[in-house]
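Computation of the quantities below employed the complete heavy-atom set of this structure, encompassing side-chain atoms and omitting hydrogens, waters and symmetry-equivalent molecules. Indexing begins at 1, ligand by ligand and atom by atom, following the structure's order.
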Amino acid sequence: MTKKLSRRSFAKIAGSAALVSTASTALNPFSEQEARAETPMQSTQAREFPKEFLWGSATASYQVEGAVKEDGRGPSIWDTFSHTPGKVVENATGDVADDHYHRYKEDVQLMKSLGVKGYRFSIAWPRVFPNGDGAPNPKGLDFYNRLVDELLANSIQPFATLYHWDLPQALQDRVGGWESRDTSKAFGEYAGYVAEGLSDRVKHFFTINEFGAFVELGYRTGIHAPGLKLPPGRFNQTRHHAVLGHGLAVQAIRAKAKPGTKVGLAENMAICVPVIETTQHIEAAERAARELNAQYMTVIQEGKYTDAYLANAGADAPKFTPEDLKIISSPLDFAGINIYTPTYVRAANTPLGFEVVPSPKSYPHMASWWLNIGPEALYWGPHHVAKLWNVKEIYITENGCSSSDIPAADGIVYDTDRVMYLRNYISQLQRATADGVPVKGYFLWSLMDNFEWADGYTNRFGLHYVDYATQKRTPKLSASFYREVIARNAVV
Ligand code: PNW
């Protein structure tokens with residue numbers, strides 16, 4: 001029901017604002033029932049999400065689980081990489097991380113108190129196949145059985161990612177990891193095995209998380225595991241094996257999972273934002289979205305590499321067969337996109353009709369140097385995917401940010417910058433759904449602070465602050481904000 005802001009309630013709000021500086025420690029940001037009743041609803045109502053919109057949160061195995069030697073788990077390339085001095089800030093490792101392996105029940109309660117209806121987690125391949133292929137380790141899948149049961153008992157839908165970068169070290173050693181088609185094949189087999197075991201309860205699987213990050217950072221710049229800097233030909237072939245692995249996994253899941261199981265991916269496409277919203281620049285941004293994602297999303301959706309990609313790569317282009325392209329473009333049920341940051345595009349008189357506009361030095365970013373703030377990314381990302389490839393079901397599989405979180409005297413992190421970031425991004429997502437773009441859900445990265453890859457524990461992305469010495473989780477201000485968004489199904 002619409003509730004106008006009466007003069008009396010306005011006076012009350014203005015009055016309490018004046019009190020904030022002296023009374024702030026007495027205000028409990030987590031008892032917001034009263035505040036909710038007092039808030040003007042008119043504008044909020046106009047900013048509602050579709051009725052069945054699924055609000056969720058996300059994590060990934062190596063970033064939260066710890067317990068790296070337990071119950072028969074084999075080593076992954078991230079164990080090796082993080083234990084190599086100088087690779088990760090402060091030589092941090094995921095040996096313990098958030099100890100989620102033992103504390104998952106407590107973590108499900110954190111989700112419950114946020115009100116999320118979906119949890120995106122990833123399965124550690126080396127827990128299930130310690131050697132990458134061959135004999136499975138039943139105790140590995142048991143952990144995910146327990147987690148899934150706990151989620152369902154708390155009315156939270158499990159969304160499982162099969163590869164969030166923790167490749168079994170055995171595959172890296174034996175065949176060179178994703179440099180080899182053998183890894184693509186092994187990934188398919190592993191995916192089928194997991195789907196067979198979990199699809200009676202898990203209805204959504206993501207094959208691979210962020211081709212655009214793990215291949216580029218792991219095999220070209222060497223910033224991530226396995227830390228390689230391959231020359232262009234071998235690098236393009238590695239990209240090809242990653243999308244081939246995705247396609248083989250889709251086929252294996254279709255073959256082994258219960259009917260009705262849905263399959264997609266979680267890709268951090270370049271999100272092409274028109275510099276100004278005119279037809280000219282919007283069309284340029286659409287062309288750019290196809291070309292800048294040619295190696296991953298475009299070939300997966302269209303079953304062919306773009307002419308420009310192949311021509312530019314020349315002799316370094318990947319070697320592939322028509323059969324490969326068929327596998328890679330196996331039909332999907334939905335597309336997941338991870339969205340953090342915009343790529344600004346303008347129309348230009350170039351062969352492809354667009355140009356990427358570099359960011360000025362003063363461009364604002366969050367705590368991670370790469371995390372430029374551009375809320376419209378959450379509008380244009382889904383818009384391009386729906387328009388270019390006629391995708392009917394889209395999930396935002398990650399969105400969130402790092403901030404330099406420090407608990408205040410009362411123990412709470414007042415992360416107003418994260419709230420600012422989320423409010424602006426979620427507003428643009430609402431704009432997309434209001435336009436009829438079929439976005440079905442949103443998973444906030446991340447449920448809690450965790451191992452941020454090469455940045456170790458220095459960059460925090462969580463809605464919950466984790467004290468790594470005690471493993472205590474404390475909700476930040478942004479957790480309260482997100483709970484409000486979920487409760488009202490609207491931007492607040
Ligand atoms: C994603 N970049 O990684 C991953 O899926 C998560 O595991 C990660 O914690 C999260 O985003 C935050 O970083 C990225 O350099 C890593 O542009 C690096 C980049 C983008 C995404």
Would you tabulate the polar-atom pairs, meaning N/O of ligand 1 against N/O of the protein, with distances under 3.5 Å, reported to 0.1 Å?
| unit_1 | atom_1 | unit_2 | atom_2 | d |
| --- | --- | --- | --- | --- |
| ligand 1 | 3 (O) | E210 | OE1 | 3.3 |
| ligand 1 | 5 (O) | H164 | NE2 | 3.2 |
| ligand 1 | 5 (O) | N209 | ND2 | 2.9 |
| ligand 1 | 5 (O) | E210 | OE2 | 3.4 |
| ligand 1 | 5 (O) | E398 | OE1 | 3.0 |
| ligand 1 | 5 (O) | E398 | OE2 | 2.8 |
| ligand 1 | 7 (O) | Q63 | OE1 | 2.7 |
| ligand 1 | 7 (O) | H164 | NE2 | 2.8 |
| ligand 1 | 7 (O) | W453 | NE1 | 2.8 |
| ligand 1 | 9 (O) | Q63 | NE2 | 2.9 |
| ligand 1 | 9 (O) | W445 | NE1 | 3.2 |
| ligand 1 | 9 (O) | E452 | OE1 | 2.7 |
| ligand 1 | 11 (O) | Y340 | OH | 3.2 |
| ligand 1 | 11 (O) | E398 | OE1 | 3.2 |
| ligand 1 | 13 (O) | E452 | OE2 | 2.5 |

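Ionic pairing of D449 and K476 is present here: one or more N-O contacts between side-chain nitrogen and carboxylate oxygen are shorter than 4.0 angstrom.
Sorted by first and then second residue, the pairs that involve residues 265-277 and meet salt bridge (Lys or Arg N to Asp or Glu O under 4.0 Å), not counting sequence neighbours, are E277-R431.
Partner of F334 under the ring-ring contact (aromatic ring centres under 6.0 Å, His included) criterion, out of F206, F159, W389: F206 alone.
Under the 30°/60° scheme for interplanar angles, the aromatic rings of W78 and H224 are found to stand perpendicular. The aromatic rings of Y296 and F211 sit parallel, their planes meeting at an angle under 30°, below the 60° perpendicular limit.
With 3.5 Å as the limit, one finds a donor-acceptor pair spanning the side chains of D95 and H83.
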